[in-house]
Amino acid sequence: MPQKTSLIILIWLIACTPNLWAEETDGILSRGKTYSLPDLYRSALKHSETIQMSVEDLHIAEKNREKAFSALRPGLAAFGEFTKYSEEKKFSGMLSQPGWTASYGLKLSQTFTLNGKERLAFKMSEDAVKKGRHDLYAMKEEYLFQVAAAYYDVLKAIKEVEIAVANAKRLKTHRNAVSIRLKLEDVAKTALYRAEAELSQARTGQISARNHLKLGKAILARVASLSNAVYTIRGPGVKGTFFPGGKLDDLKAEALENRAELKALRIREQIAYDAIGIAGSDYWPTLTAEGTYLRYDQDPSPEGMNEESISVGLKVTFPLYDNGLRNAQVEEADAQWRQTKLAIRNLSKQIAVEIEQVHLELMTHQSTMKSLNDQFDFARENYNAVSK
């Protein structure tokens, strides 16, 4: 979250300063398609591999819910068997081996645990889908924040290029003035050397600023999934008010209620609690109900053979001894539930501290901006007075 804090401050500083945008300052700034910040957001949401992976995670959770729901419905299976013997055999006039036999039929079966394990598993899968939606929202939020950070880094780099170009131009003028004064023997030759060194350093700074801008634009193109690396961006313009204000306690309460990652963690807590019931279900017996239709044929067919049958059956299975496996599974699930509760508490404290930190830093920079604006006005008045 320190990156988020720095970005919020940077957004405020850039938005509230006078618009010094100069697209023609350097060729880097005025080539290719122009993107605004909303354009970059749309491109990232549409093409980002990171977001698409989160979408697939949600899709997997939805399919797991379908699998869990399938355990609540009975299964229908068809079966069949055919056997061909080498020859017919009779003993004392009675058929002991037919020429062939065939059997086929349908079986309807349903297995469930008496404590409702299958229902708990389906509920957990539904909660996992809800958690997946919150995780996807949090991922989009985090990724768009990265896009915004890269966007404002490029804006900052553009300002650095403008400043570097202006500084080099100023020092070049100063060097020329020193050269004229040297011809008039008004200054020593060391003054020209010093002016040349300052101009060379300014030109180096200009090259460094341009390279920094190129790197920033490459990073922005990557995180926003732009198809072309040659582009320019549109500044946000001047914003009168960036932060609406509000009481710090109200901001904390709103964040603790609405932060997507905290919502996802609360759902994860419920999933962990249900997992305790899933683990404890191994202490309960399982019941299997079956209904079977069977058809039997053979050749030759003996007199009185039952060729068709329908049956219904119940089967109960109860494990008696498992070497402590069930107890270990229950204790493990309980520990994971307690661990999730601690994670919620820790994240809540972290969010509260982050909000207080950002709030205080933003208030500090608002005061700083007022002071800087006053200094700018004083400097402009001083410049006008000196120039006259």
Side-chain angles (χ1 to χ4, degrees), residues 53 55-129 132 271-272 274-333 336:
M53 286 189 292
V55 172
E56 293 302 324
D57 286 337
L58 177 58
H59 181 70
I60 292 172
E62 292 173 344
K63 294 307 171 183
N64 286 334
R65 178 179 60 183
E66 293 181 11
K67 292 194 296 184
F69 183 65
S70 67
L72 299 176
R73 296 173 293 181
L76 181 64
F79 58 91
E81 181 181 359
F82 176 81
T83 305
K84 180 70 172 70
Y85 297 96
S86 60
E87 58 178 333
E88 296 180 15
K89 293 184 179 181
K90 293 184 179 181
F91 181 75
S92 299
M94 305 218 21
L95 182 66
S96 61
Q97 177 176 290
W100 58 267
T101 61
S103 62
Y104 54 90
L106 296 173
K107 178 182 289 187
L108 184 69
S109 63
Q110 173 68 53
T111 300
F112 55 91
T113 310
L114 294 185
N115 77 323
K117 173 183 178 181
E118 293 75 20
R119 181 184 55 82
L120 287 174
F122 177 68
K123 181 177 179 297
M124 287 177 61
S125 66
E126 287 188 317
D127 290 337
V129 172
I271 292 174
D274 292 337
I276 299 175
I278 294 291
S281 65
D282 290 338
Y283 286 101
W284 291 76
T286 58
L287 181 64
T288 301
E290 294 182 349
T292 305
Y293 167 78
L294 177 63
R295 175 75 182 182
Y296 185 81
D297 293 322
Q298 77 174 42
D299 184 38
S301 177
E303 185 178 354
M305 184 186 74
N306 184 15
E307 297 180 350
E308 188 177 57
S309 67
I310 298 176
S311 62
V312 176
L314 291 176
K315 181 173 65 176
V316 178
T317 304
F318 185 78
L320 297 178
Y321 183 68
D322 59 1
N323 295 297
L325 176 61
R326 288 173 293 181
N327 185 62
Q329 290 174 337
V330 171
E331 291 184 358
E332 179 186 3
Q336 290 175 347

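Index from 1, following the sequence.
- Without hydrogens or angle criteria, Y283 side chain to N327 main chain gives a donor-acceptor distance under 3.5 Å.
- Taking T292 as the reference, F79, K107, S311 meet the side-chain contact (heavy atoms from CB on, under 4.5 Å) condition, with sequence neighbours excluded.
- Checking side-chain atoms of E118 against main-chain N and O of T113 turns up a donor-acceptor pair under 3.5 Å.
- The only option from I276, N115, L114 that meets the side chain to side chain contact (heavy atoms under 4.5 Å, CB included) definition with S281 turns out to be N115.
- Legend: residues meeting side-chain contact (heavy atoms from CB on, under 4.5 Å) with K123, ordered by chain and number and at least two apart, are D127, Q270, D274.
- Under the 3.5 Å distance criterion, the side-chain polar atoms of E331 are left unmatched by any main-chain donor or acceptor of R326.
- When every heavy atom of A275 is checked against every heavy atom of A333, the shortest pair comes out as O-CB, 3.9 Å.
- Under the rule for a side-chain contact (heavy atoms from CB on, under 4.5 Å), the partners of S70 that lie at least two apart in sequence or sit in another chain are R73.
- Every residue two or more places apart in sequence or in another chain was checked for a side-chain contact (heavy atoms from CB on, under 4.5 Å) with V312, and none qualifies.
- Here the side chains of F122 and R65 are in contact, with some heavy-atom distance below 4.5 Å.
- Of the possible polar contacts, one joining the Q97 side chain to the E87 backbone as a donor-acceptor pair under 3.5 Å is found.
- Remark: S309 engages no residue in a side-chain hydrogen bond (donor to acceptor under 3.5 Å, both in side chains) (not counting sequence neighbours).
- Residues K67 and N64 are in side-chain contact: their nearest non-hydrogen atoms beyond the backbone lie under 4.5 Å apart.
- Looking at heavy atoms from C-beta onward, T288 lies out of side-chain contact with Q110 at the 4.5 angstrom threshold.
- Across every non-hydrogen atom of A121 and A68, the tightest pair is O-CB, 3.9 Å.
- A 4.5 Å side-chain heavy-atom check between L108 and Y293 finds every atom pair outside the cut-off.
- Applying the salt bridge (charged side-chain N to carboxylate O under 4.0 Å, His left out) test to R119 and every residue at least two apart in sequence or in another chain returns nothing.
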